[in-house]
Asker: 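My questions will all concern the structure given below.
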Amino acid sequence: MRRARQTCEIALAESQALKSSDTPVEIDHRISEKSFGIFAGRNLNLLRLALGYEGFEEMLHSHNEAPPAGEKISQVYSRAARFYEDKVVPHLERGETVLVVCHQYVLEPLALYLSGLPPTDYKHLKLPNGKALSGVDLVKFRDKESGGTAALRKEINDLSIMWAILLYAATFLLGSLVRAISTSEAGIPSALFRSIIVACLAASTFYTYLDIDFAASKRKVTSTVKYVVYLWMAVRWVVGLSLIFSGFLYQSEADLYKVLWVLFWMVPPALTSPVLSVLWGGNLYPSAVLSRTLSIVAPLALLATLKVANLPINVDSLIFFGIILILGLAIPGAIAQFWRDKSPVESNHHSKNWKFIGVLAVAFMALATGFQFTPATFLSDIFSSTDTARSLACLQQLAIATLVFVSMRVAATLTSVVTKGKLSKAEARDAYILLVNPNFFLWAALFIGVSATTSDVKYAVFWASLGFFCIPLIEQILFMNSFGNDILRETLRSSRVATEDIKKLFLQLDTDGSKSLDRTEIMELLGLIEDMTTGERSSEEVRSYVTDYLFNILDSDGNGSVDLAELEEYVSTYGLVANLNVVSAIASPVGA
């Protein structure tokens with residue numbers, strides 16, 4: 001609401017309309033954003049996962065469906081049309097110019113109304129912000145965006161984002177399986193593999209950063225979340241440096257895997273952290289800003305550590321990560337920000353339509369990583385050992401990897417508990433992501449530079465890459481279950497409120513004080529419920545059909561009337577409004 005008012009003020013100021021004392025500014029609730037009910041402020045990706053893609057689209061983008069306690073598009077269409085006729089038309093008839101500033105889910109139905117189209121023709125159009133469209137242009141835009149390749153592209157875009165984490169895990173496992181089955185000793189040539197990683201990261205960075213305004217992002221990152229993340233990274237570095245320089249950890253080259261796992265603790269958060277933030281309901285800005293900052297500072301500190309510690313790691317291998325920072329992060333990020341600043345409307349529209357390219361780029365990177373880092377002897381080492389040392393190395397590194405990944409998440413979870421009330425829920429999710437999502441490819445650059453790649457080191461890198469791409473899928477399932485339970489509790493709470501409202505309606509209709517309603521009164525009750533929920537009554541024929549259906553169920557004792565206890569029991573169990581909508585939809589062809 002505040003953003004719409006600011007937009008209005010900026011537009012009037014730029015047009016110099018405010019210089020005229022005859023330019024009134026009015027606020028009208030009829031063009032407030034659509035009410036999303038209990039879905040307001042929820043993460044879209046988790047909603048899609050909880051509801052299913054079709055259920056999500058139907059509930060949010062159908063003209064006759066609404067989220068629990070929310071509005072239908074047809075209701076928004078009606079109030080926006082009334083606003084236009086009451087507030088805008090009189091000015092136009094006097095030859096005056098009117099500026100209307102509102103929100104996406106109001107603009108779209110209002111655009112339908114102005115085009116002479118009914119609410120049943122509603123499609124989620126993603127109208128371009130701040131771009132003037134004539135009536136003819138609007139119809140053309142609608143026809144172009146609501147069908148054919150545009151509709152298919154939208155579905156691919158939504159589904160790819162929705163299933164991104166599953167896609168990453170599946171493609172990694174596919175690449176790993178292909179390598180294990182082929183038993184090929186030679187993986188992807190090193191230069192080609194590095195090129196794939198850099199190119200895929202560049203595509204992912206471009207589409208991620210196209211949605212982020214870094215100039216404003218810094219102001220949106222609170223000092224508390226900075227302190228939490230920086231403090232934990234500092235603790236990790238203190239522990240890691242103590243272990244490395246104590247001499248206790250590294251005695252010979254056979255102990256090199258121990259050093260690598262310590263370094264795994266010390267690397268900064270992955271550059272893909274903002275992607276997880278978007279998918280899991282984070283605040284986005286902390287993930288973007290802090291992962292970028294730490295990815296610039298940490299490699300320099302890591303380079304100094306390796307120089308001083310004199311470990312058998314070729315520090316020139318960090319040049320690979322330098323290339324990643326420049327070609328995979330800095331350049332594509334700068335291009336995205338430049339385009340965003342230069343042409344915000346076109347860049348925003350492009351991002352909304354083609355973001356799936358960034359998702360597919362990470363999936364291809366996962367596929368290549370799974371193939372490259374899976375030992376060719378993996379299956380035999382697990383199921384039919386021909387080399388005891390390799391089998392022991394496989395299981396040993398699995399145990400260490402499990403310990404490292406679990407300890408990271410335990411520490412991050414405890415941090416969320418300790419900072420409860422100090423961080424918002426979204427900030428806490430970002431802090432969690434930054435603390436459990438280390439930059440695997442920076443760490444892998446160290447592996448590439450190891451002079452002696454023993455079985456221990458090879459399996460350390462394999463299990464680390466497996467955890468990096470696959471553990472987030474388990475986390476997402478847990479987040480989704482928690483999210484679903486939260487939605488269910490909120491829905492039940494809304495149902496209890498609805499039950500109380502229906503009790504009031506029952507008493508209102510029970511004019512004779514009999515504490516029961518006959519068939520005619522039940523039919524009127526349904527009409528009143530429709531007034532409260534849909535805002536318009538269905539035809540008498542439809543309500544008569546629904547009344548007969550409900551009356552046979554509600555009159556459990558067969559005495560020809562429905563008492564309050566019978567009605568409350570049914571509503572608390574099934575939800576009368578939901579059942580009424582379903583039956584109305586089934587019965588509507590009869591009414592037609």
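These figures come from a predicted structure and were not determined experimentally.
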Asker: Any heavy-atom pair between the side chains of Pro109 and Lys34 that's under 4.5 Å?
Answerer: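 No; the side chains remain at least 4.5 Å from each other.
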
Asker: Going by an N to O cut-off under 4.0 Å, is there a salt bridge joining Lys87 and Glu26?
Answerer: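 The answer is yes: the pair qualifies as a salt bridge.
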
Asker: Side-chain contact, heavy-atom cut-off 4.5 Å: Ser544 with Met523?
Answerer: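 Heavy-atom side-chain distance check passes, below 4.5 Å.
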
Asker: Any side-chain heavy atom of Glu521 within less than 4.5 Å of one from Phe506?
Answerer: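 Contact flag for Glu521/Phe506 side chains = no.
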
Asker: Taking NZ, NE, NH1 and NH2 as the nitrogens, is one of them in Asp211 or Arg340 under 4.0 Å from a carboxylate oxygen of the other?
Answerer: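 No, Asp211 and Arg340 are not salt-bridged.
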
Asker: Applying side chain to side chain donor-acceptor pair (under 3.5 Å), name anything that partners Lys154, two or more places apart in sequence or on another chain.
Answerer: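 In terms of side chain to side chain donor-acceptor pair (under 3.5 Å), with neighbours along the sequence ignored, Lys154 is linked to Glu57, Asp158.
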
Asker: Gln104: what forms a side chain to side chain donor-acceptor pair (under 3.5 Å) with it, not counting sequence neighbours?
Answerer: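 If we apply the side chain to side chain donor-acceptor pair (under 3.5 Å) test to Gln104, skipping adjacent residues, the hits are His124.
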
Asker: So if I apply the side chain to side chain contact (heavy atoms under 4.5 Å, CB included) rule between Tyr77 and each of Val106, Leu117, Leu112, which one comes out positive?
Answerer: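 It is Leu112, the one option of Val106, Leu117, Leu112 that forms the side chain to side chain contact (heavy atoms under 4.5 Å, CB included) with Tyr77.
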
Asker: In this structure, are over 12 heavy atoms from other groups packed under 6.0 Å from Gln508 atom CD?
Answerer: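 Yes, enclosed.
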
Asker: Might you confirm whether atom CZ of Phe364 has over 12 heavy atoms from other residues, nucleotides or ligands at distances under 6.0 Å?
Answerer: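 Check fails, neighbour count at 12 or below.
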
Asker: Tell me whether the count of non-hydrogen atoms from other residues, nucleotides or ligands lying under 6.0 Å of CZ in Arg3 goes above 12.
Answerer: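 Atom CZ in Arg3 is not packed in, count stays at 12 or less.
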
Asker: Classify the ring geometry of Tyr105 against Phe36: parallel below 30°, tilted from 30° to 60°, perpendicular beyond 60°.
Answerer: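 Geometry flag for Phe36 against Tyr105: perpendicular rings.
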
Asker: Which residue pairs pass the salt bridge (Lys or Arg N to Asp or Glu O under 4.0 Å) test with at least one member in residues 468-483, sequence neighbours excluded?
Answerer: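 For residues 468-483, and leaving out neighbouring residues, the salt bridge (Lys or Arg N to Asp or Glu O under 4.0 Å) pairs sorted by first residue read Arg409-Glu475.
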
Asker: Extract all donor-acceptor atom pairs below 3.5 Å that involve side chains of residues 276-287 and protein atoms in other chains or at least two apart in sequence.
Answerer:
unit_1 : atom_1 : unit_2 : atom_2 : d
Ser277 : OG     : Leu284 : N      : 2.9
Ser277 : OG     : Asp430 : OD1    : 2.6
Trp280 : NE1    : Gln476 : OE1    : 2.9
Tyr285 : OH     : Lys220 : NZ     : 3.4
Ser287 : OG     : Asp430 : OD1    : 2.6

Asker: Roughly how far apart are Arg30 CZ and Ser32 OG, rounded to 0.5 Å?
Answerer: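 One finds 10.5 Å between CZ of Arg30 and OG of Ser32.
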
Asker: Are the side chains of Phe56 and Leu44 in touch, meaning some heavy atoms are under 4.5 Å apart?
Answerer: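 Contact flag for Phe56/Leu44 side chains = yes.
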
Asker: State, with a plain yes or no, whether a side-chain heavy atom of His350 is found less than 4.5 Å away from one of Asn353.
Answerer: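 With C-beta onward as the side chain, the pair stays apart.
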
Asker: Throw together a table of side-chain donor-acceptor distances under 3.5 angstrom for residues 159-174, partners on residues two or more places apart or in other chains.
Answerer:
unit_1 : atom_1 : unit_2 : atom_2 : d
Ser160 : OG     : Ile156 : O      : 3.0
Ser160 : OG     : Asn157 : O      : 2.9
Thr171 : OG1    : Leu167 : O      : 2.8
Thr171 : OG1    : Tyr168 : O      : 3.0
Thr171 : OG1    : Ala363 : O      : 3.1

Asker: Using the side chain to side chain donor-acceptor pair (under 3.5 Å) criterion, which residues pair with Glu346? Sequence neighbours excluded.
Answerer: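 Glu346 satisfies side chain to side chain donor-acceptor pair (under 3.5 Å) with Ser343 once adjacent residues are dropped.
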
Asker: If you count the non-hydrogen atoms of other residues, nucleotides and ligands that lie under 6.0 Å from CZ in Phe338, is the total more than 12?
Answerer: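 Atom CZ in Phe338 is not packed in, count stays at 12 or less.
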
